[in-house]
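Values in this document were obtained by computation on a predicted structure and should not be read as measured data. Convention: sequence-line order gives letters A, B, ...; per-chain numbering from 1.
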There are 2 protein chains.
Amino acid sequence: MDNSKKYDVLKLENQLCFPLYACAKEVVRQYKPFLDELELTYTQYITMMVMWEKKEMNVKELGECLYLDSGTLTPLLKKLEAKGYITRSRSSKDERNLIIVITEAGEKLKEEAVLVPAKVGKCISLEPQEAQTLYKLLYKMIHQMNE
Amino acid sequence: MDNSKKYDVLKLENQLCFPLYACAKEVVRQYKPFLDELELTYTQYITMMVMWEKKEMNVKELGECLYLDSGTLTPLLKKLEAKGYITRSRSSKDERNLIIVITEAGEKLKEEAVLVPAKVGKCISLEPQEAQTLYKLLYKMIHQMNE
DNA sequence: ATCAAATAAATTGCATACAATTAAATCATG
DNA sequence: CATGATTTAATTGTATGCAATTTATTTGAT
């Protein structure tokens with residue numbers, strides 16, 4: 001092997017994972033000013049996105065949707081409950097399950113939240129075709145890694 | 001507006017940012033078993049990648065490379081110093097600057113680290129063309145957001 | 001029916017991330 | 001050349017993330 005090239009794989013610029021990691025963080029940062037208006041963090045926001053759609057979920061299901069575990073979700077859900085956007089209660093069918101249900105206030109928040117994607121979209125403008133390509137590649141990777 | 005579609009922008013499946021966020025986390029998880037062998041976290045690993053290439057950097061430069069601030073880097077660099085992979089010392093030219101220099105032990109670590117990318121590559125197999133496309137799109141976004 | 005195995009959350013411990021603030025050093029301008 | 005502005009790290013405080021463990025509950029095989 002050409003020794004001058006041996007360590008090139010360790011250069012940041014030759015990594016695919018690094019821009020992925022950096023880009024994800026930057027995107028979350030783009031969300032921040034808009035989410036601050038709703039007093040939500042990014043993780044709380046995506047959790048609410050699931051709740052806006054599903055209305056009722058248990059922690060395990062939420063974790064599967066969001067790729068988060070109970071160590072992250074438990075404190076986060078307690079905060080959302082404290083804000084009044086969800087309720088947390090044990091299932092009577094199976095006491096192990098904690099059922100998360102969206103509240104009226106939670107539903108109401110959706111009216112403001114619906115404006116967020118467009119605001120962020122202005123900061124991150126890819127061509128529709130590029131966005132589509134990126135979307136597919138990301139999910140391809142995600143599915144590949146979850147095997 | 002068609003009301004049945006009004007809130008579709010809030011569905012996780014219609015988000016580009018969510019798979020980005022999820023994929024980045026999953027990738028870091030793929031690294032973990034291999035980095036565990038080196039007793040490095042992912043963030044410590046990418047920091048070492050910069051050090052392997054540059055040998056000497058100050059905290060500000062590292063932060064620019066890695067998109068991290070001193071709040072993250074200061075404790076991380078202290079850990080890398082404790083492991084013996086870097087030294088931390090103030091510049092005599094400008095005492096505000098903290099100069100990070102890689103040590104012998106740090107250089108030595110590169111021998112094991114150089115095997116990591118291939119191992120991770122096996123878990124994340126995109127076609128070279130796809131990887132190239134993804135790489136370009138991610139950097140396009142990163143550069144756009146840093147304006 | 002009983003009890004070991006499995007399941008679901010919660011807890012614990014550690015390591016980021018990052019905004020905001022602070023402290024020290026240097027610069028720049030009158 | 002004095003001092004206010006700027007720059008660089010460090011610190012503080014809050015919120016993740018996740019592995020590993022614990023606790024409570026339920027399931028399932030005998």
Ignoring backbone atoms, test whether [X] places a side-chain nitrogen or oxygen under 4.0 Å from the OP1 or OP2 oxygen of [N].
| X | N | result |
| --- | --- | --- |
| A:K78 | C:dT11 | yes |
| A:S70 | C:dA9 | no |
| A:T74 | C:dA10 | yes |
| A:Y21 | C:dA17 | yes |
| A:R29 | C:dA19 | yes |
| B:K79 | C:dT16 | yes |
| A:R88 | C:dA10 | yes |

Counting any heavy atom closer than 4.0 Å, what does [X] reach on the DNA or RNA strands: base, sugar-phosphate only, or nothing?
| X | value |
| --- | --- |
| A:T43 | sugar-phosphate |
| B:L76 | sugar-phosphate |
| A:D69 | base |
| A:T41 | sugar-phosphate |
| A:N97 | sugar-phosphate |

I'd like to know if [X] pairs up with [Y] as an ion pair, taking the criterion as any Lys NZ or Arg NE/NH1/NH2 lying under 4.0 Å from an Asp or Glu carboxylate oxygen.
| X | Y | answer |
| --- | --- | --- |
| B:D8 | B:K5 | no |
| A:E61 | A:K54 | no |
| A:E95 | A:R90 | no |
| B:E81 | B:K78 | no |

Using whole Å, what does the distance between atom [atom2] of nucleotide [N] and atom [atom1] of [X] come to?
| X | N | atom1 | atom2 | result |
| --- | --- | --- | --- | --- |
| A:R90 | D:dT23 | CZ | P | 15 Å |
| B:E61 | D:dA9 | CD | C1' | 14 Å |
| B:I99 | D:dA10 | CD1 | P | 11 Å |
| B:Y31 | C:dA15 | OH | C1' | 18 Å |
| A:Q44 | D:dA15 | CD | P | 7 Å |
| B:D94 | D:dT7 | CG | P | 12 Å |
| B:N58 | C:dA25 | CG | P | 17 Å |
| A:L62 | D:dC18 | CG | C1' | 17 Å |

- request: Only pairs at least two apart or in different chains count here, so list each side chain to side chain donor-acceptor pair (under 3.5 Å) that has a residue in residues 103-119 of chain A.
  value: A:K55-A:E107, A:E111-B:K6, A:E111-B:Y7
statement: Between A:L68 and A:K93, the residue closer to the 5' end of DNA chain D by nearest nucleotide is A:L68
message: Once you measure the plane-to-plane angle for A:Y45 and A:Y31, does it fall in the parallel (<30°), tilted (30-60°) or perpendicular (>60°) bin?
response: tilted
message: Assess, by modelled atom type and distance only, whether the side chains of B:N97 and B:N58 contain a donor and an acceptor separated by less than 3.5 Å.
response: yes
field: Residue whose closest nucleotide on DNA chain C lies nearer the 5' end, B:T72 versus A:G71
entry: A:G71
Nucleotides 3-7 of chain C: which of its N/O atoms have a protein N/O under 3.5 Å away?
from: C:dT7; atom 1: O2; to: A:R96; atom 2: NH1; distance (Å): 3.1

query: Quick one: does B:Y135's side chain have a donor or acceptor within less than 3.5 Å of a partner on A:E13's backbone?
result: yes
